[in-house]
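Have a look at the structure below, then the notes.
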Amino acid sequence: MYENLKYIDLLMSEAVEKDSIAGGSVAVIRKGETIFKEHYGYADRASGKKIDGSTMFRLFSLTKPITATAAMLLLERGKIELRYPLKWFLPTFENPQVLDEKGLRPAERDITIGDLLTMTSGISYPGGTPSGMKMGEVWGRQSENYEKGGKPLSTRDFALEMGNVPLAFTPGAKWEYGASADIMGAVIETVSGMKYSEFLKKEIFVPLGMNDTGFFIPKEKQHRLATPYVQTPEGNAVYTNHDLCTTDFMAPPAFESGGAGLVSTLEDYSKFVKMLLGRGSANGVRILGRKTVELMASNGLTDAQRASLNWDSMIGQGYGNFMRVLMDPHAAGINGSLGEFGWDGMLGCYFCIDPKEELAFMYFVQQAYTGCTDFTRRLQNVVWGAID
């Protein structure tokens with residue numbers, strides 16, 4: 001059974017040999033059980049340190065599905081509702097303005113919690129648009145405060161500062177990847193009355209036994225953090241940027257980024273994946289209700305909003321709750337089922353879940369700009385092609 005999973009070994013070994021990646025880990029989960037788990041190559045190529053089960057990875061945007069789960073916990077408890085306006089929780093988002101090539105003008109409506117979870121809020125990441133450049137100034141000041149020993153803003157204060165930046169478009173007008181998950185982290189702090197890290201630990205990490213997941217790495221575990229790499233004209237080099245206001249993870253950060261701030265291991269994150277695969281429950285521990293996970297795993301975009309879902313990795317996909325949702329396998333180029341869902345991070349960590357087949361695939365790596373690529377899809381097609 002699952003004999004064809006051997007082709008994962010061939011693909012991963014070739015990628016390490018060619019130095020496309022320094023190393024990586026792969027896991028396959030079926031009906032709640034891990035049926036394949038292997039580690040390949042190096043956590044640090046210079047020292048020869050191999051990747052193994054203890055290796056810690058920067059999750060970057062694989063943080064976002066955990067943030068969506070935290071939001072769904074509040075929804076289940078009646079603390080928030082998807083149509084609630086964001087300004088109720090973060091007052092600087094009252095009376096939002098739009099800034100684009102046509103100039104500055106009032107937005108046509110308020111941002112809602114649902115807009116955050118579908119990335120239709122109009123809240124930009126730093127970028128080349130008029131709104132994105134204004135947002136870049138805010139994020140740049142935050143990074144500079146960290147890098148030069150200043151005092152970075154806290155999770156909530158940073159979100160409030162972002163509320164002073166004009167939106168890229170009127171909420172609901174289209175999909176655009178941005179800082180919505182970071183704002184959602186601040187909403188969760190506001191509603192729960194807890195630091196975001198404390199809420200995640202109490203409600204998700206401790207119940208699931210995720211002891212190696214957090215916004216920083218304790219001193220005794222710091223040697224386990226993998227080195228990140230990036231392809232350059234001279235070859236695969238160490239990646240040194242602190243993207244999206246991330247730190248070196250050696251101390252608790254002031255800003256606990258709900259969009260990019262967590263570190264974890266393949267084993268730890270697999271406990272979270274098994275919970276989603278188990279429709280909210282894993283190993284006898286229930287985190288979410290079955291219907292809530294069904295909502296999480298569904299497309300939340302209208303056809304008009306999907307028109308701007310134009311990344312290569314999003315072809316054939318919908319989007320909701322900070323995750324892609326498969327709507328057209330032929331267009332996507334993968335052999336999964338309709339309704340398969342998951343996400344990836346800027347340094348390559350990736351997962352997807354197929355509820356119909358009770359199957360999940362995880363690929364963890366620290367290679368910049370490799371989230372969902374043709375190589376990821378090739379690995380995934382091997383996995384789905386191996387099941388009976």
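From a predicted model like this one, the values you see are computed outputs, not experimental measurements. Along the sequence shown, residues carry numbers from 1.
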Task: Closest contact, heavy atoms only, Ile66 versus Ile204 - done: O-CD1, 4.1 Å
Open item on the list: If you apply the rule side chain to side chain contact (heavy atoms under 4.5 Å, CB included), what do you find for Leu295 with Leu82, and how did you get there?
Closed with: CA-CA 11 Å; Leu295 173 66; Leu82 297 180; 4.3 Å; yes
Open item on the list: Hydrogens and angles aside, do Thr55 and Lys49 bring a side-chain donor and acceptor to less than 3.5 Å of each other?
Closed with: no
Open item on the list: Tell me the closest heavy-atom pair linking Pro166 and Ser131, and the distance in Å.
Closed with: O-OG, 2.7 Å
Open item on the list: For Glu14, is there an ion pair with Lys18 - N to carboxylate O distance below 4.0 angstrom?
Closed with: yes
- [ ] Specify the closest pair of heavy atoms between Phe89 and Ile80, including all atoms of both residues, with the distance to one decimal.
- [x] CZ-CG2, 4.1 Å
- [ ] Report the residues that fulfil side chain to side chain contact (heavy atoms under 4.5 Å, CB included) with Ala179, sequence neighbours left out, ordered by chain and then residue number.
- [x] Ile123, Tyr125, Trp139, Met162, Asp182
TODO: Among Leu347, Thr240, Asp243, find the one that has a side-chain contact (heavy atoms from CB on, under 4.5 Å) with Pro228.
DONE: Leu347
Open item on the list: Show the nearest heavy-atom pair for residues Phe322 and Pro65, with the distance to one decimal.
Closed with: O-CG, 4.3 Å
TODO: Considering only NZ, NE, NH1 and NH2 on the basic side and carboxylate oxygens on the acidic side, decide whether Glu198 and Lys201 come within less than 4.0 Å.
DONE: no
Open item on the list: Can you tell me if Glu108 has over 12 outside heavy atoms packed within less than 6.0 Å of its CD?
Closed with: no
- [ ] Establish, from distance only, whether the side-chain atoms of Arg45 and Thr227 form a donor-acceptor pair under 3.5 Å.
- [x] no
Open item on the list: Under a 3.5 Å distance rule, please check whether Glu256 uses its side chain to pair with a backbone N or O of Gly261 as donor and acceptor.
Closed with: no
Open item on the list: Counting only heavy atoms from other residues, nucleotides and ligands, does the tally under 6.0 Å from CG of Asn310 exceed 12?
Closed with: yes
- [ ] Check whether Leu288 and Phe341 end up in the same hydrophobic cluster, where Ile, Leu, Val, Met, Phe, Trp and Tyr are linked by side-chain heavy atoms less than 4.5 Å apart.
- [x] yes
Open item on the list: Between Ser143 (side chain only) and Gly140 (backbone N and O only), is there a donor and an acceptor less than 3.5 Å apart?
Closed with: no
TODO: Please identify each residue that fulfils side chain to side chain contact (heavy atoms under 4.5 Å, CB included) with Glu267, with sequence neighbours left out.
DONE: Lys37, Thr265, Ser270, Lys271
Task: Lys/Arg N to Asp/Glu carboxylate O, Glu357 vs Arg30, below 4.0 Å - done: yes
Task: CZ (Arg279) with more than 12 external heavy atoms under 6.0 Å - done: no
Open item on the list: For the CG atom of Leu262 and the OG1 atom of Thr246, what is their distance to the nearest 0.5 Å?
Closed with: 11.5 Å
Task: Side-chain ion pair, Arg83 and Glu81, N-O less than 4.0 Å - done: yes
- [ ] Could you tell me whether Asp115 and Arg109 have a side-chain N and a carboxylate O separated by less than 4.0 Å?
- [x] yes
TODO: Mind telling me whether Trp88 and Tyr84 have parallel, tilted or perpendicular rings, with 30° and 60° as the class edges?
DONE: tilted
Task: Exercise: identify the closest heavy-atom pair between Met314 and Gly318 - done: CE-O, 4.0 Å
Task: Criterion side chain to side chain contact (heavy atoms under 4.5 Å, CB included) on Arg105 and Asp100, from CA distance to verdict - done: CA-CA 9 Å; Arg105 61 190 183 279; Asp100 59 16; 2.8 Å; yes
TODO: Please step through side chain to side chain contact (heavy atoms under 4.5 Å, CB included) for the pair Leu116 and Ile111, ending with a clear verdict.
DONE: CA-CA 8 Å; Leu116 294 180; Ile111 303 166; 4.3 Å; yes
Open item on the list: Please determine whether residues Ile35 and Ile8 belong to a single hydrophobic cluster, defined as Ile, Leu, Val, Met, Phe, Trp and Tyr linked transitively by side-chain heavy-atom distances below 4.5 Å.
Closed with: yes
Open item on the list: Looking at Phe169, I'd like to know if its CZ atom is crowded, meaning that more than 12 non-hydrogen atoms belonging to other residues, nucleotides or ligands lie closer than 6.0 Å.
Closed with: yes
Open item on the list: Taking the basic N atoms (NZ, or NE/NH1/NH2) and the acidic carboxylate oxygens, is any pair closer than 4.0 Å for Asp52 and Arg224?
Closed with: no
TODO: Is it possible for you to say whether Val382 and Val28 belong to one hydrophobic cluster, with membership spreading through side-chain heavy-atom contacts below 4.5 Å?
DONE: yes
Open item on the list: Are Met184 and Tyr196 connected into the same hydrophobic cluster when the rule is that any two of I, L, V, M, F, W, Y join if their side-chain heavy atoms are below 4.5 Å apart?
Closed with: yes
Open item on the list: Going by side-chain contact (heavy atoms from CB on, under 4.5 Å), Glu161 matches just one of Val165, Asp157, Asn164. Which one?
Closed with: Asn164
Open item on the list: Any donor-acceptor pair under 3.5 Å linking the side-chain atoms of Tyr369 with those of Tyr239?
Closed with: yes
Task: Whether Tyr269 and Phe351 hold their rings parallel, tilted or perpendicular, with breakpoints at 30° and 60° - done: tilted
Task: Same cluster (ILVMFWY, side-chain, under 4.5 Å), Leu277 and Leu379 - done: no
TODO: Please lay out, stage by stage, how Gln366 and Cys349 fare under the test side chain to side chain contact (heavy atoms under 4.5 Å, CB included).
DONE: CA-CA 7 Å; Gln366 297 284 262; Cys349 291; 4.0 Å; yes
- [ ] From the options Phe60, Tyr177, Phe272, select the one residue that forms a ring-ring contact (aromatic ring centres under 6.0 Å, His included) with Trp343.
- [x] Tyr177
Open item on the list: Show the nearest heavy-atom pair for residues Asn299 and Val325, with the distance to one decimal.
Closed with: N-CG2, 3.9 Å
Task: Cluster companions of Leu225 among Ile, Leu, Val, Met, Phe, Trp, Tyr (side-chain spacing under 4.5 Å) - done: Met56, Ile217, Phe249, Met250, Val263
